[in-house]
Amino acid sequence: MHYYGAMMLDNDPLLTNLVNQQSTILLLLDDTMKIAYANASASEMFAISNKRIQGLSLDDVLSYHSIDLKRIYQHCLMQGSDCSQHRADIVFHDSRHATISINARRIQNDAQQYILIECRALDQELKHDQASHQMHQHTAARNLIRGLAHEIKNPLGGIRGAAQLLQFESSSDESQQCANLIIEQADRLTELVDRLLGPNQLPRKEWHNIHQTLDTVIQLSLLDNQHGVRLVRDFDPSIPNIYIDEGKIQQVVLNIVKNAQQAIAENGTITLKTRVKHHLRIHDKLMRNALQIKISDDGPGIDKALVDTLFFPMVTNKDGGSGLGLAIAQTLIDQHDGFIDCDSWPGHTEFNIYLPFKTN
């Protein structure tokens, strides 16, 4: 299928070369919202050749997107005004995903109208901003919780001591039961406060095979696998031993896998993947080499309203959940000078753990 917009560029090699040299993703849509032309950056992003992409709609080349096509059509073709969308999430058929910003405007040639869409990838900017925001917010929340927890523990100790005195000085069964109840509840609150304070032991690091560590997590997860979830290994066998506290890393990964098992439906899939990333900068951390542990699932996804605060204490989307698991996970990864983040959209959730990579 040939489009006027594509043929116009084909007849001008200089213009074609200029457009294809742009790092900005350029799409030309016709008045039926089908792709009339895509520059080289767009073809690379979609992993579809320029000729094959012509005549397809964005719904054809993407498995999911949040691009407001109706608004773009209304503003550009109906009103003749420019239109922009600051942020849109897109997911490709091969499960790759990206976040882009969009600017759209009408282009008219004789009787034919087009929409020129310019897309700019935001993933690296968003990851940096998210990491910085998450780190600052997590530090502030943790300091607040610690201060509050210490203030709570002092009177709790006094309440427990007073209840013990009542036990010794009272002979009636009713008073004994009340004193026991006070002690039990004071101990329960003290335990909760201790959990809020997070791990108080420094990591005991040794050289470990990360794949043996993850295999242990998989075995533990399969012991309680009510929904029949499939756990898939996608390991890079070339990764050598890494210097970690194996118990703490197991605790983090097991918590994430368990959450995924509870969230996804029967016969869902959880994939554990390991890779090495080079020259990775996250917030103020520069890792020349980093081990990436990705835990992904095909569940319903996490509510967008929770994603930005998921690692804060007392934040949870599970009935009866304490909201402490991921907050503790963040602390344990911090102790390894690493970082953990989450990305989620309908049908997919992934947690990425990055640990500084050093060889022995």
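Below, all heavy atoms of this structure are taken into account, side chains as well, without hydrogens, waters or symmetry copies.
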S.K.: Taking the side chain as every heavy atom from C-beta outward, state whether Leu69 and Met33 have any atom pair closer than 4.5 Å.
M.R.: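 They are in side-chain contact.
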S.K.: Are Leu26 and Ser41 packed together at the side-chain level, in the sense that at least one heavy-atom pair is separated by less than 4.5 angstrom?
M.R.: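 SC-SC contact between Leu26 and Ser41 ruled out.
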S.K.: Does some side-chain heavy atom of Val229 sit less than 4.5 Å from a side-chain heavy atom of Asp297?
M.R.: no
S.K.: Under 3.5 Å, is there a donor-acceptor pair between the His208 and Asn241 side chains?
M.R.: no
S.K.: List the residues meeting side chain to side chain donor-acceptor pair (under 3.5 Å) with His93, not counting sequence neighbours, and say none if there are none.
M.R.: none
S.K.: Is Asp298 reaching over with its side chain to a backbone N or O of Thr269, donor-acceptor style, under 3.5 angstrom?
M.R.: yes
S.K.: Is there a path of hydrophobic side-chain contacts, each under 4.5 Å between heavy atoms, that joins Leu355 and Leu254?
M.R.: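 Yes, same cluster.
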S.K.: When you measure from the side chain of Ser66 to the backbone of Asp89, do you find a donor-acceptor pair of N or O atoms at a distance under 3.5 Å?
M.R.: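 Yes.
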S.K.: Give me the atom names and distance for the closest heavy-atom approach of His65 to Asp59.
M.R.: NE2-OD1, 2.7 Å
S.K.: Side-chain contact, heavy-atom cut-off 4.5 Å: Ile35 with Leu29?
M.R.: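 Ile35 reaches Leu29 side chain to side chain.
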S.K.: In terms of side-chain geometry, is the basic nitrogen of Asp215 or Arg233 positioned less than 4.0 Å from the acidic oxygen of its partner?
M.R.: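 Result for this pair is yes, salt bridge flagged.
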S.K.: Is it the case that the side chain of Ser63 and the backbone of Val91 share a donor-acceptor pair, with hydrogens and angles ignored and the cut-off at 3.5 Å?
M.R.: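 Between the backbone of Val91 and the side chain of Ser63 there is a qualifying donor-acceptor contact (under 3.5 Å).
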S.K.: Please check this pair: side chain of Asp234 against backbone of Lys294, looking for a donor-acceptor N/O pair closer than 3.5 Å.
M.R.: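 Such a contact is absent between Asp234 side chain and Lys294 backbone.
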S.K.: Within a strict 4.5 Å, meaning less than it, do heavy atoms of the Asn352 and Phe339 side chains meet?
M.R.: no
S.K.: Under 3.5 Å, is there a donor-acceptor pair between the Arg188 and Gln185 side chains?
M.R.: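 There is such a pair between these side chains.
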S.K.: Is it the case that atom CD in Gln164 sees more than 12 heavy atoms from other parts of the structure closer than 6.0 Å?
M.R.: yes
S.K.: So do the side chains of Ile249 and Ile242 get within less than 4.5 Å of each other, counting heavy atoms only?
M.R.: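 Not touching, per the 4.5 Å side-chain cut-off.
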S.K.: Following the transitive rule for hydrophobic clusters with a side-chain heavy-atom cut-off under 4.5 Å over Ile, Leu, Val, Met, Phe, Trp and Tyr, establish whether Ile256 and Leu220 coincide in one cluster.
M.R.: yes
S.K.: Taking all non-hydrogen atoms of both residues into account, name the closest pair between Ser296 and Glu350 and its distance.
M.R.: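 For Ser296 and Glu350, the tightest heavy-atom pair comes out as CB-CB, 3.9 Å.
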S.K.: Which value, rounded to the nearest 0.5 Å, describes the distance between Ile115 atom CD1 and Arg105 atom CZ?
M.R.: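 So the gap between those two atoms works out to 12.5 Å.
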S.K.: What I'd like to find out is whether the side chain of Arg106 reaches to under 4.5 Å of the side chain of Leu77, using heavy atoms alone.
M.R.: yes
S.K.: State whether a side-chain donor-acceptor pair under 3.5 Å links Ser57 with Asp60.
M.R.: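 Side-chain D/A pair, Ser57 to Asp60: present.
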S.K.: Ignoring hydrogens and angles, state whether a donor on the side chain of Asp30 or Thr32 is under 3.5 Å from an acceptor on the partner side chain.
M.R.: yes
S.K.: Taking all non-hydrogen atoms of both residues into account, name the closest pair between Arg230 and Val232 and its distance.
M.R.: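 Smallest interatomic distance, heavy atoms only, reads NH1-CG2, 3.6 Å.
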S.K.: Could you grab the distance from atom CZ of Phe357 to atom CG of Leu291, nearest 0.5 Å is fine?
M.R.: 6.5 Å
S.K.: Checking side-chain polar atoms at under 3.5 Å, does Glu246 have a donor or acceptor matched by the opposite partner on Thr213?
M.R.: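 Distance-only check passes for Glu246 and Thr213.
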S.K.: Between atom CD1 of Ile90 and atom CG of Leu58, what is the distance when rounded to the nearest 0.5 Å?
M.R.: 9.0 Å
S.K.: Is there a path of hydrophobic side-chain contacts, each under 4.5 Å between heavy atoms, that joins Ile218 and Val257?
M.R.: yes
S.K.: Testing the basics here: between Ile333 and Tyr354, what is the closest heavy-atom pair and its distance to 0.1 Å?
M.R.: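 Nearest pair, atom of Ile333 first, then Tyr354: CG2-O, 4.4 Å.
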S.K.: What closest approach, in Å, do Pro300 and Ala263 show between heavy atoms, and which atom pair accounts for it?
M.R.: CD-O, 3.5 Å
S.K.: For Arg96, enumerate each residue passing the side chain to side chain donor-acceptor pair (under 3.5 Å) test, keeping only those at least two apart in sequence or located in another chain.
M.R.: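 Partners of Arg96 by the side chain to side chain donor-acceptor pair (under 3.5 Å) criterion, ordered by chain and then number, come out as Asp94.
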S.K.: Taking transitive links into account, so neighbours of neighbours count too, which hydrophobic residues share a cluster with Ile182 at under 4.5 Å side-chain distance?
M.R.: Ile159
S.K.: State whether the number of non-hydrogen atoms from other residues, nucleotides or ligands found under 6.0 Å of Arg288 atom CZ is greater than 12.
M.R.: no
S.K.: Give a yes or no on whether the backbone of Ser221 and the side-chain of Gln261 come within a donor-acceptor separation of less than 3.5 Å.
M.R.: yes
S.K.: Please answer: with hydrophobic residues joined when any side-chain heavy atoms are less than 4.5 Å apart, are Tyr64 and Ile67 in the same cluster?
M.R.: no
S.K.: Find the distance between CG (Asp245) and CD (Gln250) and round it off to the nearest 0.5 Å.
M.R.: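 Between atom CG of Asp245 and atom CD of Gln250 there are 9.5 Å.
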S.K.: Tell me, please, which residues at least two apart from His348 pass ring-ring contact (aromatic ring centres under 6.0 Å, His included).
M.R.: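 With sequence neighbours excluded, His348 shows a ring-ring contact (aromatic ring centres under 6.0 Å, His included) to Trp345, given in chain and number order.
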S.K.: Take Asp236 and Arg275, measure what salt bridge (charged side-chain N to carboxylate O under 4.0 Å, His left out) needs, and give me the verdict at the end.
M.R.: CA-CA 6 Å; Asp236 179 352; Arg275 293 293 186 270; 5.6 Å; no
S.K.: Looking at every non-hydrogen atom in both residues, tell me the closest pair between Cys83 and Cys76 and how far apart they are.
M.R.: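 Where Cys83 meets Cys76 most closely, the heavy atoms are CB-SG, 4.0 Å.
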S.K.: Are the side chains of Phe92 and Met45 in contact, using a 4.5 Å heavy-atom criterion?
M.R.: yes
S.K.: For Asp187, which residues count as a salt bridge (Lys or Arg N to Asp or Glu O under 4.0 Å) partner, sequence neighbours excluded?
M.R.: Arg160
S.K.: Counting only N and O atoms by type, is there a donor-acceptor contact under 3.5 Å from the side chain of Gln85 to the main-chain atoms of Ile72?
M.R.: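 Judged by distance alone, no pair lies under 3.5 Å.
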S.K.: Could you please spell out the steps behind the side-chain contact (heavy atoms from CB on, under 4.5 Å) verdict for Asn255 and Phe351?
M.R.: CA-CA 11 Å; Asn255 179 270; Phe351 285 84; over 6 Å; no
S.K.: Ring pair (Phe, Tyr, Trp, His ring centres under 6.0 Å): which pairs involve residues 235-273, sequence neighbours left out?
M.R.: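 Every ring pair (Phe, Tyr, Trp, His ring centres under 6.0 Å) pair that includes a residue of residues 235-273, provided the two are not neighbours, is Trp207-Tyr243, His211-Phe235.
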S.K.: Say you draw a straight line from CG of Asp31 to OH of Tyr73; how long is it, rounded to the nearest 0.5 Å?
M.R.: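 Nearest 0.5 Å value for the CG-OH distance: 6.5 Å.
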S.K.: Do any N or O atoms from the side chain of Ser84 and from the backbone of Ile102 form a donor-acceptor pair under 3.5 angstrom?
M.R.: no
S.K.: Going from CG on Asn103 to CG on Asp82, what distance comes out if it is rounded to the nearest 0.5 angstrom?
M.R.: 8.0 Å
